[in-house]
Protein chains: 2
Amino acid sequence: MVKMKRKENIEGCSVECTLNVLCGKWKGIIIFHLLKYGILRFSELQKLLKNIVTQRMLTMQLRDLEKEGIVSRHIYPTVPPKVEYFLTDKGKSLAVIIQGLNDWGSDYC
Amino acid sequence: MVKMKRKENIEGCSVECTLNVLCGKWKGIIIFHLLKYGILRFSELQKLLKNIVTQRMLTMQLRDLEKEGIVSRHIYPTVPPKVEYFLTDKGKSLAVIIQGLNDWGSDYC
DNA sequence: CAGGATCCGATGCGATACTG
DNA sequence: CAGTATCGCATCGGATCCTG
């Protein structure tokens with residue numbers, strides 16, 4: 001459930017709106033780690049996700065988050081290429097929520 | 001992205017675990033409304049969702065939430081049938097998170 | 001009223017291979 | 001190293017119809 005953008009807003013409930021940003025495989029963890037480490041290279045993110053995720057998936061999730069204005073990236077024009085990902089202010093504002101999700105998960109899963 | 005249960009736990013990150021519970025179309029809003037109203041009949045939930053959701057979908061999401069121990073239901077053996085849904089303690093513990101999601105959505109969407 | 005049964009399209013997600 | 005391109009399946013989710 002990832003790209004299921006919804007335009008209709010259910011009477012003052014913006015819950016789904018936020019979930020649309022967070023739901024998508026690995027997005028939560030990606031933000032979690034970026035909050036923790038600040039800046040991470042593509043390969044570092046992949047390692048943190050224990051190589052469970054394929055490059056393709058990681059790329060897609062990062063692109064989605066970029067579109068939403070949650071993460072941004074800095075590309076070094078070097079060889080071999082080096083790309084760093086970091087949270088935008090909008091992304092950092094998710095800190096409380098991510099922390100809450102993490103805590104709840106620790107308690108109830 | 002609803003049934004994508006993940007067993008692997010990424011080094012002390014339980015974020016995805018919670019997202020697995022919340023992600024699924026309408027689950028967030030369902031919990032949001034149950035937090036707000038306490039108890040809701042099937043048909044009341046459907047109206048609150050502005051009839052956007054089909055009975056089938058609403059039923060499925062409620063069954064998922066029930067399996068996770070988030071909601072519970074009380075069936076009145078009457079004709080016509082009457083079924084009430086309400087949050088379990090585990091479900092109520094999501095209040096802070098749901099509120100956070102709602103606030104963030106209001107601010108950034 | 002609440003919800004089960006079917007059908008069916010959309011897309012989420014994975015595996016694999018290739019490139020500047 | 002950090003991607004893009006293809007292929008393919010599983011499942012998510014919508015529409016419709018049926019029932020105790």
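Everything numeric in this text was worked out from a predicted model, so none of it was measured. Order of the sequence lines sets the chain letters (A, B, ...), proteins ahead of strands, with each chain counted from 1.
- Between K47(A) and E44(A), none of the side-chain N atoms (NZ, or NE/NH1/NH2) sits under 4.0 Å from a carboxylate O, so this pair counts as no salt bridge.
- In this structure, Y85(B) reaches the sugar-phosphate backbone alone: every heavy-atom distance under 4.0 Å involves primed, P, OP1 or OP2 atoms, never a base.
- For R41(A), the side-chain atoms get nearest to dC1(D) when compared with the rest of dC1(D), dG13(D), dG20(D).
- In this structure, D64(B) places its CG atom 12 Å from C1' of dG13(D), rounding to the nearest Å.
- Using a 4.5 Å cut-off on side-chain heavy atoms (C-beta onward), L48(B) and Y37(B) make contact.
- Rounded to a whole Å, the CD atom of E44(B) is 8 Å from the P atom of dA2(C).
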Under the side chain to side chain contact (heavy atoms under 4.5 Å, CB included) rule, what do F86(B) and K92(B) come out as? Steps first, then yes or no, please.
CA-CA 9 Å; F86(B) 53 94; K92(B) 289 174 187 168; over 6 Å; no
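- Look at S43(B) and you'll find a side-chain N or O under 4.0 angstrom from OP1 or OP2 of dA2(C).
- Mapped onto DNA chain D by nearest heavy atom, I75(A) and M57(B) fall at different nucleotides, with I75(A) at the one closer to the 5' end.
- Atom CG of L58(A) and atom P of dT16(C) are 18 Å apart (whole Å).
- In this structure, I30(B) atom CD1 and dA2(C) atom P are separated by 14 Å, rounded to whole Å.
- Nucleotide dA2(D) holds its C1' atom 13 Å from the NZ atom of K47(A), rounded to whole Å.
- The CG-P distance, from L19(A) to dG13(D), rounds to 12 Å in whole Å.
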Between the protein and nucleotides 4-8 of chain C, list every N/O to N/O distance that falls short of 3.5 Å.
unit_1: dT6(C); atom_1: O4; unit_2: R56(B); atom_2: NH1; d: 3.2

Can E16(B) and N20(B) be said to form a side-chain hydrogen bond (donor to acceptor under 3.5 Å, both in side chains), step by step?
CA-CA 6 Å; E16(B) 301 297 306; N20(B) 280 334; over 6 Å; no
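- Atom CG in D107(A) sits 9.0 Å away from atom SG in C109(A) (nearest 0.5 Å).
- Between the CD atom of Q46(A) and the C1' atom of dG14(C) there is a distance of 14 Å, given to the nearest Å.
- In this structure, L62(B) places its CG atom 11 Å from C1' of dA2(C), rounding to the nearest Å.
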Can you list the steps and then say if Y76(B) with E84(B) is a side-chain hydrogen bond (donor to acceptor under 3.5 Å, both in side chains)?
CA-CA 8 Å; Y76(B) 293 89; E84(B) 290 180 338; 2.9 Å; yes
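- Of the inter-residue distances, the one linking L40(B) atom CG with R73(B) atom CZ reads 15.0 Å to the nearest 0.5 angstrom.
- Counting only heavy atoms from C-beta on, K25(B) has its side chain closest to dG13(D) among dG3(D), dC13(C), dG13(D).
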